[in-house]
Amino acid sequence: MNRQHVAALLAYTDRLDPTRAPQDRAAAAERLDQWAELLADVASTAPHPEGRHWDASQIVRHHIATSPYPIKPSDVSRPWADFRRDILSRHVDPLPAVDPDDDTAYRAALAAQRRAIETGATVATPRAALTTGMTEQQARARLAALGTYVPRTVAAVLAAHRPRKAEREQLAAAGRPDPLDVPCPYEHCRADRGQPCRTARRAPRATAHPSRLDDATTAHHTTGARP
């Protein structure tokens, strides 16, 4: 909260419990300085993926309604710490739009994402959202088909020596249909899943038959995720 947010929160506090309000401007200014410093890392409001949103004014209201003791900054900051911990425990960091091989930039981007969630600037990404439309078995099959992850710098070097796999990795990264995820329906080919289409002389084709691409596109949109 900034100083204006804290001032509004204290005004609300004094309206609910006027008997404990400061008696002069000097005391009020001193209290505002103290609360503004101690609540600088606390959000005034913040969303929650399950609808239990954070509202600092409601924390104040609950304390005054249930506790016989005067409210302190820690009576707001402690519940916020619990709320923030719960949010982060449900959150899975999306891949930042930076090169993961640049460790400094990658860590900074992750920290910025988490900070945005802590302050309520963005909503946490729940764990379930990352696999919506794809079962665990499908995810395992996808990983098994594409192989083990290697850093982008290494993959770029290897791409020239394994063009077909490099193409499949590009399709997977872009979320586009992969023809090799389905068998080829063309009667003169009938290539199995994972195998390239073949010419009439049984030589590997550089591209998939159109009917196979159509089937891959249909499967991709039917599952609602990458096949």
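Note: hydrogens, waters and symmetry copies are ignored here, and every other heavy atom, side chains too, is used. In this text the structure is predicted, and so the values were computed from the model without any measurement. For reference, positions follow the sequence shown, starting with 1.
Closest of all the heavy-atom pairs between Arg20 and Pro70 is NE-CG, 3.5 Å. Contact record, His53 with Phe83: C-CE1, 4.1 Å, taken as the closest heavy-atom pair. Here the closest non-hydrogen pair linking Pro73 and Leu39 is O-CD2, 3.6 Å. When all heavy atoms of Tyr69 and His63 are compared, the pair lying nearest together is O-NE2, 3.1 Å. Here the shortest heavy-atom pairing between Cys189 and Cys197 reads SG-CA, 3.6 Å. Taking all atoms of both residues into account, the shortest heavy-atom contact from Val76 to Ala56 is CG1-CB, 4.4 Å.
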Could you check Trp35 against Val42 for side chain to side chain contact (heavy atoms under 4.5 Å, CB included), going step by step and ending with a plain yes or no?
CA-CA 11 Å; Trp35 279 59; Val42 177; over 6 Å; no
Run the side chain to side chain contact (heavy atoms under 4.5 Å, CB included) check on Arg85 and Asp82 step by step: do they pass?
CA-CA 5 Å; Arg85 190 178 306 111; Asp82 294 338; 2.9 Å; yes
Checking Tyr12 against Arg61 for the side chain to side chain contact (heavy atoms under 4.5 Å, CB included) test, could you report, in this order, the C-alpha distance in whole Å, the side-chain angles of both residues, the deciding distance, and whether it holds?
CA-CA 9 Å; Tyr12 180 68; Arg61 180 181 181 279; 3.6 Å; yes
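Note that the CG atom of Leu32 and the CZ atom of Arg25 stand 13.5 Å from one another [nearest 0.5 Å]. With rounding to the nearest 0.5 Å, the separation of OG in Ser74 from NZ in Lys72 is 4.5 Å. Here the straight-line distance linking atom CG of Leu213 with atom OG1 of Thr218 works out to 9.5 Å at 0.5 Å rounding. Considering CD1 of Ile71 and CG of Leu9, their distance stands at 7.0 Å, rounded to 0.5 Å. One distance of note links OG of Ser44 with CG of Asp55; it measures 7.5 Å at 0.5 Å rounding. Note that CD1 of Ile59 and CD1 of Ile64 are 12.0 Å apart. Values are rounded to the nearest 0.5 Å.
The shortest side-chain heavy-atom distance between Thr45 and Ser57 does not fall under the 4.5 Å cut-off. With a 4.5 Å cut-off on side-chain heavy atoms, Arg190 and Cys184 do not count as touching. Side chains of Asp33 and Arg3 form a contact here, defined as non-hydrogen atoms less than 4.5 Å apart.
Looking at Arg84 and Asp41, no side-chain N of the basic residue comes within less than 4.0 Å of a carboxylate O on the acidic one, giving no salt bridge.
Under a hydrophobic clustering in which Ile, Leu, Val, Met, Phe, Trp and Tyr are joined whenever their side-chain heavy atoms come within less than 4.5 Å, directly or via other members, Trp54 and Leu38 fall into different clusters. Tyr186 and Val182 end up in different hydrophobic clusters when Ile, Leu, Val, Met, Phe, Trp and Tyr side chains are linked at under 4.5 Å.
Here the side chain of Gln23 pairs a donor or acceptor atom with the backbone of Ala21 at under 3.5 angstrom. A donor-acceptor distance shorter than 3.5 angstrom exists from the side chain of Arg193 to the backbone of Asp181, with no hydrogens or angles considered. The backbone N or O of Ala27 lies less than 3.5 Å from a partner atom in the side chain of Asp24, making a donor-acceptor pair. Put simply, the side chain of Arg212 gets close to the backbone of Pro179: a donor and an acceptor are under 3.5 Å apart.
Other residues, nucleotides and ligands contribute over 12 non-hydrogen atoms within 6.0 Å of the CD atom of Gln58.
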